[in-house]
Peer 1: 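The structure under discussion is supplied below as structure tokens; questions concerning it will follow.
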Amino acid sequence: KKRYSKSRAKVLNPEVVVKIKKTRRLKANDRERTRMHSLNDALDELRVTLPTFPDDAKLTKIETLRFANNYIWALSETMKVIDL
DNA sequence: TAGGCCATCTGGTCCT
DNA sequence: AGGACCAGATGGCCTA
């Protein structure tokens, strides 16, 4: 006697499978978009921390990261001097 | 118009 | 299993 009635591997209409895959992808895309937006928000917060002239063009992502790195380095050097 | 920047989609891998 | 993270691909927009 076979009893797959409770089998997890339900045989689904292939048309339905395609539909499920599509909706999963769309959902994943949506999450990915949200994730990238939050990354960009963090980058924006970092930008306002950095000292720039008001009429300067907005720093690009890579510029922001490099500048931040450089700025932190400069500040820590300053601290070293102060500590002397 | 070539090159840089960016947003988005996608499939693979890792993590919970 | 499903979500998070990641890197590559693609296409749009801008400007030197």
Side-chain angles (χ1 to χ4, degrees):
Chain A
K1 251 190 249 169
K2 314 178 195 171
R3 45 190 184 79
Y4 340 130
S5 49
K6 273 214 166 170
S7 168
R8 181 108 327 199
K10 250 185 171 179
V11 180
L12 293 171
N13 173 349
E15 157 108 21
V16 173
V17 174
V18 168
K19 198 167 270 183
I20 289 174
K21 280 187 180 174
K22 259 179 194 164
T23 58
R24 278 200 190 143
R25 233 310 130 199
L26 257 36
K27 234 175 124 187
N29 289 350
D30 202 57
R31 283 194 307 274
E32 177 63 6
R33 233 176 292 128
T34 303
R35 196 182 71 84
M36 292 310 290
H37 288 167
S38 84
L39 180 62
N40 289 337
D41 288 347
L43 229 22
D44 284 339
E45 286 176 40
L46 183 56
R47 278 187 191 96
V48 306
T49 297
L50 300 173
T52 56
F53 291 104
D55 53 349
D56 277 343
K58 183 182 170 187
L59 294 172
T60 65
K61 294 181 175 184
I62 188 68
E63 285 169 345
T64 302
L65 292 174
R66 292 198 199 287
F67 187 14
N69 184 263
N70 199 278
Y71 186 49
I72 290 168
W73 176 84
L75 289 179
S76 62
E77 286 301 301
T78 304
M79 293 305 291
K80 280 185 199 166
V81 171
I82 290 174
D83 283 347
L84 291 181

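Note that the structure is predicted; figures quoted are calculated from it, not measured. First the proteins, then the strands, lettered A, B, ... as listed; each starts at 1.
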Peer 1: Supply the members, apart from A/L84, of the Ile/Leu/Val/Met/Phe/Trp/Tyr cluster built from side-chain contacts under 4.5 Å; use none for a lone residue.
Peer 2: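 Once heavy-atom contacts under 4.5 Å are chained together, A/L84 still belongs with nothing else.
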Peer 1: Heavy atoms only, 4.0 Å cut-off, all strands: where does A/R35 land among base, sugar-phosphate and nothing?
Peer 2: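 Base contact.
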Peer 1: Could you work out, with side-chain hydrogen bond (donor to acceptor under 3.5 Å, both in side chains) as the rule, every residue matching A/T52, not counting sequence neighbours?
Peer 2: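 Partners of A/T52 by the side-chain hydrogen bond (donor to acceptor under 3.5 Å, both in side chains) criterion come out as none, since no residue qualifies.
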Peer 1: To the nearest 10 degrees, what angle separates the axes at the start and end of the helix from B/dT1-C/dA16 to B/dT16-C/dA1, five pairs each?
Peer 2: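 It works out to 10° between the end axes.
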Peer 1: Can you list, pair by pair, the side-chain donor-acceptor contacts under 3.5 Å of residues 60-70 of chain A, counting residues two or more places apart and other chains?
Peer 2:
unit_1, atom_1, unit_2, atom_2, d
A/T60, OG1, A/E63, N, 3.2
A/T60, OG1, A/E63, OE1, 3.3
A/K61, NZ, A/N40, OD1, 3.1
A/E63, OE1, A/T60, N, 2.8
A/T64, OG1, A/R47, NE, 3.3
A/T64, OG1, A/T60, O, 2.7

Peer 1: Can you list everything that forms a side-chain hydrogen bond (donor to acceptor under 3.5 Å, both in side chains) with A/R31? Sequence neighbours excluded, please.
Peer 2: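 With sequence neighbours excluded, A/R31 shows a side-chain hydrogen bond (donor to acceptor under 3.5 Å, both in side chains) to no residue whatsoever.
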Peer 1: Let me have a per-nucleotide readout for nucleotides 6-16 of chain B, 5' to 3', with B, S or -, counting only protein heavy atoms under 4.0 Å.
Peer 2: SSSSBB-----
Peer 1: Among pairs that include at least one residue of residues 75-84 of chain A, which meet side chain to side chain donor-acceptor pair (under 3.5 Å), considering only residues two or more places apart or in two chains?
Peer 2: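 For residues 75-84 of chain A, and leaving out neighbouring residues, the side chain to side chain donor-acceptor pair (under 3.5 Å) pairs sorted by first residue read A/E77-A/K80.
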Peer 1: Under the salt bridge (charged side-chain N to carboxylate O under 4.0 Å, His left out) rule, what pairs show up with a residue in residues 13-22 of chain A, not counting sequence neighbours?
Peer 2: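 Applying salt bridge (charged side-chain N to carboxylate O under 4.0 Å, His left out) to every pair that reaches into residues 13-22 of chain A, excluding sequence neighbours, yields nothing.
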Peer 1: Considering only heavy atoms of chain A and a distance under 4.0 Å, specify the first and last nucleotide of DNA chain C in 5' to 3' order that meet this criterion.
Peer 2: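 Terminal contacting nucleotides, 5' to 3': C/dG2 to C/dA7.
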Peer 1: Sequence neighbours left out, what passes side chain to side chain contact (heavy atoms under 4.5 Å, CB included) with A/R24? Give chain and number order.
Peer 2: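 Result, side chain to side chain contact (heavy atoms under 4.5 Å, CB included) vs A/R24: A/I20.
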Peer 1: Applying a 4.0 Å non-hydrogen cut-off, can you work out what A/K21 is touching in the nucleic acid: base, sugar-phosphate, or nothing?
Peer 2: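 If one applies the 4.0 Å heavy-atom cut-off, A/K21 turns out to touch nothing in the nucleic acid.
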Peer 1: Please list, in numerical order, the residues of residues 48-55 of chain A that have a heavy atom closer than 4.0 Å to any atom of DNA chain B.
Peer 2: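 None, since no heavy atom is under 4.0 Å.
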Peer 1: Applying salt bridge (Lys or Arg N to Asp or Glu O under 4.0 Å), name anything that partners A/R25, two or more places apart in sequence or on another chain.
Peer 2: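 Salt bridge (Lys or Arg N to Asp or Glu O under 4.0 Å) check on A/R25 returns nothing, list empty.
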